[in-house]
Amino acid sequence: MTTVPSRNIGLDLVRVTETTALIAGRWLGSGNREGAHRAATRAMARALNTLDIDGRVVVGEEGRVKETSPLDTGCKVGTGDGAEVDVAVDPVDGTALLVTGKLRALSVVAVAPRGTLWSPRSAVYMEKIVVDSEAAGVLTPECMDAPVAWTLALVARAKGKSVRDLQVIVLDRPRHRDLINEIRAAGARVLLRDHGDTAGALVAVSPSTNADLLMGIGGVPEGITAACAVRAMGGGMLCRLAPQSQSEREAVLAAGLDIHRIMTCQEVVRSDQIFFAATGITPGVLLKGVEYRGDVARTHSMVIRGETGTRRFIHTEYTQLKKTLAGLNLDDQLDEYELTW
C-alpha cells in the first residue's frame with residue numbers, strides 16, 4: 001500500500017466534482033436546501049467510491065445538515081486498493097447560493113497523503129486571511145492581530161499597488177461590521193459575498209482575478225479545504241480558530257485545541273502532494289456553471305497539483321448524460337427527487 005497519491009488522481013477527482021455538479025445543478029433555484037445537499041452528497045460519495053484509493057474523510061459533512069451522511073468525518077471512501085489518503089469534501093460550497101439561484105456555487109474535493117490534513121472536529125468557525133503568491137511572503141502571524149490598514153499596506157506594497165486599488169473579499173455577516181469599516185477606512189474596496197467561503201479563497205489566491213485578499217471569519221471545513229488550494233498554488237494563508245458561541249468555545253477547549261494558535265496553510269496541510277479539484281455548479285468568476293440541454297450537459301472545472309503548481313481548466317461535454325449517471329448508479333436519484341432530464 002502506497003501513501004503517495006498517483007499523479008493522475010487529479011483527473012479522477014475532476015470526474016468526482018463533475019458528477020456531483022451534474023446532480024446538484026438540477027436543484028438550481030429549487031429552494032430545497034436539504035434535498036440539494038443530500039443529492040450532492042450521495043453523488044459525490046458514490047463517485048469517490050469508484051476511485052482506487054484508500055481514503056479517509058477528515059473534512060466532512062457532519063454539522064452541515066441534520067442527518068448523517070456517507071461523507072461524514074471518519075468515513076472511508078474509495079475501493080481501498082490505492083494510496084492511503086486524507087480526503088476533504090464539500091459537495092456544494094454555497095448550497096444557499098445554489099437553491100436560491102445565485103452565482104458562485106462550487107463542488108470541491110481535495111486529497112493529500114494520510115495524516116497530513118488538520119482536522120479539528122469540534123471547531124466550527126475560524127478566522128482567515130488569504131493572499132496570492134505575490135503577497136504570500138509578507139503575510140506573517142502578526143497580521144492576524146495588527147490593524148487592518150497595516151496588513152493592507154504590506155499586501156499593496158508586495159503587489160505594486162496602492163491600498164485604494166486593493167479589493168478584499170469578505171462574507172456579508174454582522175460579525176464583520178468592524179472589519180468592513182476598517183477596510184473602507186484604509187481606502188481599500190470591499191467585495192461582499194453572501195456565501196461560498198472556499199470559492200472566495202480560490203478567487204483571492206488566483207492571479208487571474210481582480211481580488212487581492214480574503215479576510216474574516218468563516219467555516220473550519222471550508223478553511224481547511226481552501227488551505228489545500230492555497231498551498232498548492234503557492235499562496236499565503238493565516239488562520240485561527242474563532243468560536244462564535246460559548247458552547248463552541250467549550251467544545252473546542254475540551255478537545256484540547258488552542259484558540260490562540262495562528263496557523264499557516266503549510267501547517268494545515270503538511271504536504272505538497274496535494275490534489276484539488278473544483279467544478280462550477282452556478283456561474284462564477286473562475287468557473288462557469290453546469291449547462292444542460294436535454295441529454296447533453298457541459299461542465300467547467302479546475303484541477304490543481306501541489307507538487308508542480310500546475311493548474312488546469314477543463315471543459316467537459318457529456319453527450320449521453322443519463323447513460324453516464326446510470327454507469328455510476330446515480331440514475332436512481334432522478335426518480336427519487338423527480339428531476340426532469
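Bear in mind that the values here come from a model prediction, so they are computed numbers and not experimental data.
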Can you tell me how far [atom2] of [Y] sits from [atom1] of [X], rounded to the nearest 0.5 angstrom?
| X | Y | atom1 | atom2 | answer |
| --- | --- | --- | --- | --- |
| Asp178 | Ile180 | CG | CD1 | 9.5 Å |
| Thr17 | Leu106 | OG1 | CG | 9.5 Å |
| Thr151 | Asp145 | OG1 | CG | 9.5 Å |
| Thr282 | Arg104 | OG1 | CZ | 8.0 Å |

Does [X] reach the main-chain N or O of [Y] with its side chain, forming a donor-acceptor pair under 3.5 Å?
| X | Y | value |
| --- | --- | --- |
| Glu307 | Arg305 | no |
| Glu248 | Val124 | yes |
| Thr209 | Val203 | yes |

Could you verify whether a donor N or O on one side chain and an acceptor N or O on the other, from [X] and [Y], lie under 3.5 Å apart?
| X | Y | value |
| --- | --- | --- |
| Ser245 | Ser247 | yes |
| Ser301 | Thr279 | yes |
| Arg15 | Thr50 | no |

Contact between [X] and [Y] at the side-chain level, heavy atoms closer than 4.5 Å - yes or no?
| X | Y | value |
| --- | --- | --- |
| Arg42 | Ile23 | no |
| Met233 | Ser206 | yes |
| Val131 | Lys159 | no |
| Asp86 | Thr116 | yes |
| Leu179 | Ile183 | yes |
| Leu71 | Met44 | yes |
| Val109 | Val87 | yes |
| Met302 | Leu202 | yes |

Can you tell me if [X] has over 12 outside heavy atoms packed within less than 6.0 Å of its [atom1]?
| X | atom1 | value |
| --- | --- | --- |
| Arg189 | CZ | yes |
| Arg164 | CZ | no |
| Arg175 | CZ | yes |
| Lys102 | NZ | no |
| Tyr125 | OH | no |
| Asn210 | CG | no |

Of [options], which is the lone residue that meets side chain to side chain contact (heavy atoms under 4.5 Å, CB included) with [X]?
| X | options | result |
| --- | --- | --- |
| Leu48 | Asp12, Val111, Val89 | Val89 |
| Leu213 | Leu152, Val170, Ile169 | Leu152 |
| Arg56 | Arg114, Lys76, Glu84 | Arg114 |

Thinking salt bridges, do Asp172 and Arg193 make one under a 4.0 Å N-O criterion? no
hydrophobic_cluster_shared for Val205 and Met144, side chain cutoff 4.5 Å: no
Set out, in order, the CA-CA distance, both residues' side-chain angles and the distance that settles side-chain hydrogen bond (donor to acceptor under 3.5 Å, both in side chains) for Ser69 and Glu61, then state yes or no. CA-CA 7 Å; Ser69 88; Glu61 289 297 283; 5.8 Å; no
Check ring pair (Phe, Tyr, Trp, His ring centres under 6.0 Å) between His300 and all other residues, then give those that pass, not counting sequence neighbours. His315
To check you understand the geometry: which heavy-atom pair defines the closest contact between [X] and [Y], and what is its length?
| X | Y | value |
| --- | --- | --- |
| Leu166 | Ala156 | CD1-CB, 3.9 Å |
| Tyr292 | Ala297 | CD2-CB, 4.1 Å |
| Gly60 | Thr73 | N-OG1, 3.2 Å |
| Val77 | Asn49 | CA-OD1, 3.3 Å |
| Pro70 | Ala45 | CG-CB, 3.6 Å |
| Phe276 | Cys228 | CD1-CB, 4.3 Å |

For a salt bridge (charged side-chain N to carboxylate O under 4.0 Å, His left out) with Glu267, tell me which candidate from Arg261, Arg240, Arg231 qualifies. Arg261
